[in-house]
Enquirer: 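First, the structure itself, so that you have it in front of you.
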Amino acid sequence: MASLALTSSYTPPFRSIPSLKPRSIKSQPVVSIHCPRSTVHHKFPSLTPTHKSFSPFIIPKFSFSVANSDSNSVRIHASAASSPASLNSPAKQPWQGAAIKPLIASIATGIILWLIPTPEGVSRNAWQLLSIFLATIMGIITQPLPLGAVALMGLGASVLTKTLTFSAAFSAFGDPIPWLIALAFFFARGFIKTGLGNRIAYQFVKLFGSSSLGLGYSLVFSEALLAPAIPSVSARAGGIFLPLVKSLCVACGSNVGDGTEDKLGSWLMLTCFQTSVISSSMFLTAMAANPLSANLTYNTIKQTIGWTDWAKAAIVPGLVSLIVVPLVLFFIYPPSVKSSPDAPKLAREKLEKMGPMTQNEIIMALTLLLTVGLWVFGGTLKIDAVTAAILGLAILLVTGVVTWKECLSEAVAWDTLTWFAALIAMAGYLNKYGLISWFSETVVKFVGGLGLSWQLSFSILVLLYFYSHYFFASGAAHIGAMFTAFLSVASALGTPSYFAALVLSFLSNLMGGLTHYGIGSAPVFYGANYVPLAKWWGYGFLISVVNVLIWLGVGGVWWKAIGLW
């Protein structure tokens, strides 16, 4: 017969068992009581948890079992159980603070650089700010805390060490670019909330949705067609294409946080971002900082870069890059769904179910057209991009298409505003403190002393100019700090001046693809959270190599053909 076991926690009335006193329980005494098996359940009616001779904090536990199949005995095993206080203690809460190892790595980076003797020609303030900036970048890469928190800690360190004043550290919160990016997220909320985003997304799927690659190319070339008319890559990417891309991802079942990011969204977000820097480089009016390059060119070599000259030189390498980059990403970071022959049919069915446009969709569409129109003709009307975006948002708020509570709930928008403004401030003061000019002078002296041909010297200058963009959170800041110095040295080393100016101008856009903060469209697409930061930087570097090879290789042949060198 199988053994019978009953377990209960109470105090028995047995005065004859001294070893069961609460303070002397050190073992498991065994008391054998012989009785028929059939009456086991009836032999201990007085064992109730009402006895009061024991401490309420130590309750013995007893188990009753048949010793073996041939025995008529029941054994009582006594042991001390946990107290009620320990049984009721709450579970240990998981650590919700910073990830310790990444935090130590970030702080160590700053401390080590801080303690290195300041190079000759660099001010102490500049060197200290560089150490804080690089520690912040390390924190942004390793993410011991959310990006906004890391950036805020960097600003706090700069103020605490008196490297920057409070007003200097937070000066970039008055810069229009971070606010334009935040406003783009609010527009995206309205775009998706009203259903307009889904309507347009389903139209794209109906036309091009039989393959992920076809869908990607339709977006890439749509953005390139708008590029010459919208001189802000932040507005173009955030106000128009981010909401559309997000709607497409959702329509195709690729969402953030549920493991379906790689279904379509990761590849599509990275592709649209990387091609946005290409389209920005193709036209003089496609990026706000491009006219700055043209102006500095005129001031340095007294030659003018016209709109047609710029487009003519950039069109061939630009088109090649727009074709090649999505393909490269398609093979190295592919969407899990590459072909969907039923998608166009499903999209048509969805559009039929949606019916005609609602009132909110119409308001959203008209507001978007107004905002884009102001972005296109803002120069003539003297209305800048961020003012146009605020006007558009005001219309959405007044009509109730988007509520202010919904804007406040856009955590990614406020987080992006915080870390992007922080990096702009630190990078800007690195330039003001003279670190960038010192770096430029050191580079050009080194390259000039190698005695190489102008082709090799210029290639080295180009690569140094390009990859130094890791230290910049703005294309305009990089151009303003280094463009003139590199152009002057390239000309002095024998590089055709006009050719050098154009190449540096093109690369001033392409280098924005390196990081998630290097150009206005970067924080917009990265903030969608489809691509992890490590992959964003890794693929950013890889695509930068592809772009450099295309623009210096294919572009070099094209520029030779049109007589630029």
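Residues take their numbers from the sequence shown, with the count starting at 1.
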Enquirer: With a 4.5 Å cut-off on side-chain heavy atoms, are Leu327 and Leu213 touching?
Expert: yes
Enquirer: Considering only heavy atoms from C-beta outward, does the side chain of Thr271 approach that of Phe330 to under 4.5 Å?
Expert: no
Enquirer: Any sub-3.5 Å donor-acceptor pair from Asn509's side-chain atoms to Ser505's backbone N or O?
Expert: yes
Enquirer: How far apart are the closest heavy atoms of Leu417 and Ala182, and which atoms are they?
Expert: CB-CB, 4.4 Å
Enquirer: Give every donor-acceptor pair under 3.5 Å between a side-chain atom in residues 293-306 and any protein atom, sequence neighbours left out.
Expert:
unit_1, atom_1, unit_2, atom_2, d
Thr297, OG1, Ser293, O, 2.8
Asn299, ND2, Asn295, O, 3.4
Thr300, OG1, Leu296, O, 2.7

Enquirer: Say whether, by atom type as modelled, one donor and one acceptor occur between the side chain of Arg236 and the main chain of Met287 under 3.5 angstrom.
Expert: no
Enquirer: Could you tell me whether Trp267 and Tyr333 have their ring centroids closer than 6.0 angstrom?
Expert: no
Enquirer: Less than 4.5 Å apart, side chain to side chain, heavy atoms only: is that true for Met426 and Leu423?
Expert: yes
Enquirer: Could you state the interatomic distance from NE2 (His478) to CG (Leu507), rounded to the nearest 0.5 Å?
Expert: 10.0 Å
Enquirer: What verdict does the side-chain contact (heavy atoms from CB on, under 4.5 Å) test give for Leu129 and Asn125, after you've listed the backbone C-alpha separation in whole Å, the side-chain angles of each residue and the deciding distance to 0.1 Å?
Expert: CA-CA 6 Å; Leu129 183 56; Asn125 258 12; over 6 Å; no
Enquirer: Stepwise, does the side-chain contact (heavy atoms from CB on, under 4.5 Å) test hold for Ile137 with Thr109?
Expert: CA-CA 10 Å; Ile137 294 297; Thr109 299; over 6 Å; no
Enquirer: Write down the atom of Val531, the atom of Ser266, and the distance for their closest heavy-atom approach.
Expert: CG2-O, 3.6 Å
Enquirer: Applying salt bridge (Lys or Arg N to Asp or Glu O under 4.0 Å), name anything that partners Glu261, two or more places apart in sequence or on another chain.
Expert: none
Enquirer: Give a yes or no answer on whether the side chain of His469 reaches the backbone of Gly518 with a donor-acceptor pair at less than 3.5 Å.
Expert: yes
Enquirer: Of the non-hydrogen atoms in Ser123 and Thr118, which two are nearest, and what is the gap between them?
Expert: O-CG2, 3.9 Å
Enquirer: Donor-acceptor pair, distance only, cut-off 3.5 Å: does the side chain of Asn290 make one with the backbone of Phe283?
Expert: yes
Enquirer: Using atom types as modelled, flag every donor-acceptor pair under 3.5 Å from a side chain in residues 558-565 to any protein atom, sequence neighbours excluded.
Expert:
unit_1, atom_1, unit_2, atom_2, d
Trp558, NE1, Lys312, O, 2.9
Trp559, NE1, Ala313, O, 2.8
Trp565, NE1, Gly556, O, 3.1

Enquirer: Ignoring hydrogens and angles, tell me if any N or O in the side chain of Ser254 forms a donor-acceptor pair with the backbone of Gly265 under 3.5 Å.
Expert: yes
Enquirer: Is there a side-chain contact between Leu268 and Tyr530 in this structure, where contact means two heavy atoms from C-beta onward sitting under 4.5 Å apart?
Expert: no
Enquirer: Determine, step by step, whether Cys249 and Val256 satisfy the side-chain contact (heavy atoms from CB on, under 4.5 Å) criterion, reporting the C-alpha distance in whole Å, the side-chain angles of both residues, the deciding distance to 0.1 Å, and the verdict.
Expert: CA-CA 9 Å; Cys249 294; Val256 174; over 6 Å; no
Enquirer: Could you tell me the separation between the NZ atom of Lys382 and the OG1 atom of Thr387, rounded to the nearest 0.5 Å?
Expert: 13.5 Å
Enquirer: Please report the interatomic distance CE(Met153) to CD1(Ile132), rounded to the nearest 0.5 Å.
Expert: 12.0 Å
Enquirer: With sequence neighbours left out, what residues match Pro119 under side-chain contact (heavy atoms from CB on, under 4.5 Å)?
Expert: Val122, Trp127, Trp438
Enquirer: Find the distance between CG (Leu493) and CG (Leu461) and round it off to the nearest 0.5 Å.
Expert: 6.5 Å
Enquirer: Would you check if the side chain of Tyr433 reaches a backbone N or O of Leu130 as a donor-acceptor pair within less than 3.5 Å?
Expert: no
Enquirer: Would you call Pro228 and Trp307 a side-chain contact if the rule is heavy atoms closer than 4.5 Å?
Expert: yes
Enquirer: Grab the two heavy atoms, one from Ala314 and one from Ser281, that are nearest each other, plus how far apart they are.
Expert: CB-O, 3.8 Å
Enquirer: Before giving the answer on side-chain contact (heavy atoms from CB on, under 4.5 Å), spell out for Leu215 and Leu264 the whole-Å C-alpha distance, their side-chain angles and the decisive distance to 0.1 Å.
Expert: CA-CA 10 Å; Leu215 195 60; Leu264 177 66; 4.1 Å; yes
Enquirer: Within the structure provided, determine whether Leu183 and Phe186 are in side-chain contact (heavy-atom separation under 4.5 Å).
Expert: yes
Enquirer: Taking the six-membered ring for Trp, are Phe483 and Tyr465 parallel (under 30°), tilted (30 to 60°) or perpendicular (over 60°)?
Expert: perpendicular
Enquirer: Return the minimal non-hydrogen interatomic distance between Leu164 and Ala169, and the atom names on each side.
Expert: CD1-CA, 4.0 Å
Enquirer: To the closest 0.5 Å, what do you measure between CZ (Phe241) and CD (Glu223)?
Expert: 5.5 Å
Enquirer: Angle class for the Phe458/Trp454 ring planes (parallel below 30°, perpendicular above 60°, tilted otherwise)?
Expert: tilted
Enquirer: List, one per line, each side-chain donor-acceptor pair under 3.5 Å for residues 540-547, sequence neighbours excluded.
Expert:
unit_1, atom_1, unit_2, atom_2, d
Ser544, OG, Tyr467, OH, 2.9
Ser544, OG, Phe541, O, 2.5
Asn547, OD1, Ser321, OG, 3.1

Enquirer: Measure the shortest side-chain to side-chain distance between Phe187 and Leu242 over non-hydrogen atoms and say whether it is less than 4.5 angstrom.
Expert: no
Enquirer: Can you say whether the rings of Phe525 and Phe273 are parallel (under 30°), tilted (30 to 60°) or perpendicular (over 60°)?
Expert: tilted
Enquirer: Under 4.5 Å between any side-chain heavy atoms of Phe208 and Leu219, yes or no?
Expert: no
Enquirer: I'd like to know if the side chain of Thr275 reaches the main chain of Ile278, judged simply by a donor and an acceptor atom lying under 3.5 Å from each other, with no hydrogens or angles considered.
Expert: no
Enquirer: To the nearest 0.5 angstrom, please state how far the NZ atom of Lys246 sits from the CG atom of Asn529.
Expert: 8.5 Å
Enquirer: Please answer whether the main-chain N or O of Pro335 pairs with a side-chain N or O of Asp262 as donor and acceptor at a distance below 3.5 Å.
Expert: no
Enquirer: Only pairs at least two apart or in different chains count here, so list each side-chain hydrogen bond (donor to acceptor under 3.5 Å, both in side chains) that has a residue in residues 485-496.
Expert: Ser491-Ser497
Enquirer: Aromatic rings Trp551 and Phe506: how do their planes relate, parallel, tilted or perpendicular, breaks at 30° and 60°?
Expert: tilted
Enquirer: Over all heavy atoms of both residues, which pair between Ala157 and Thr161 is shortest? Give the atoms and the distance, please.
Expert: O-OG1, 2.8 Å
Enquirer: Answer yes or no on whether Lys432 is positioned over the face of Tyr429, meaning its NZ or CZ is under 6.0 Å from the six-membered ring centre and within 45° of the axis.
Expert: yes
Enquirer: In terms of the angle between their ring planes, are Trp414 and Trp179 parallel, tilted or perpendicular, with boundaries placed at 30° and 60°?
Expert: perpendicular
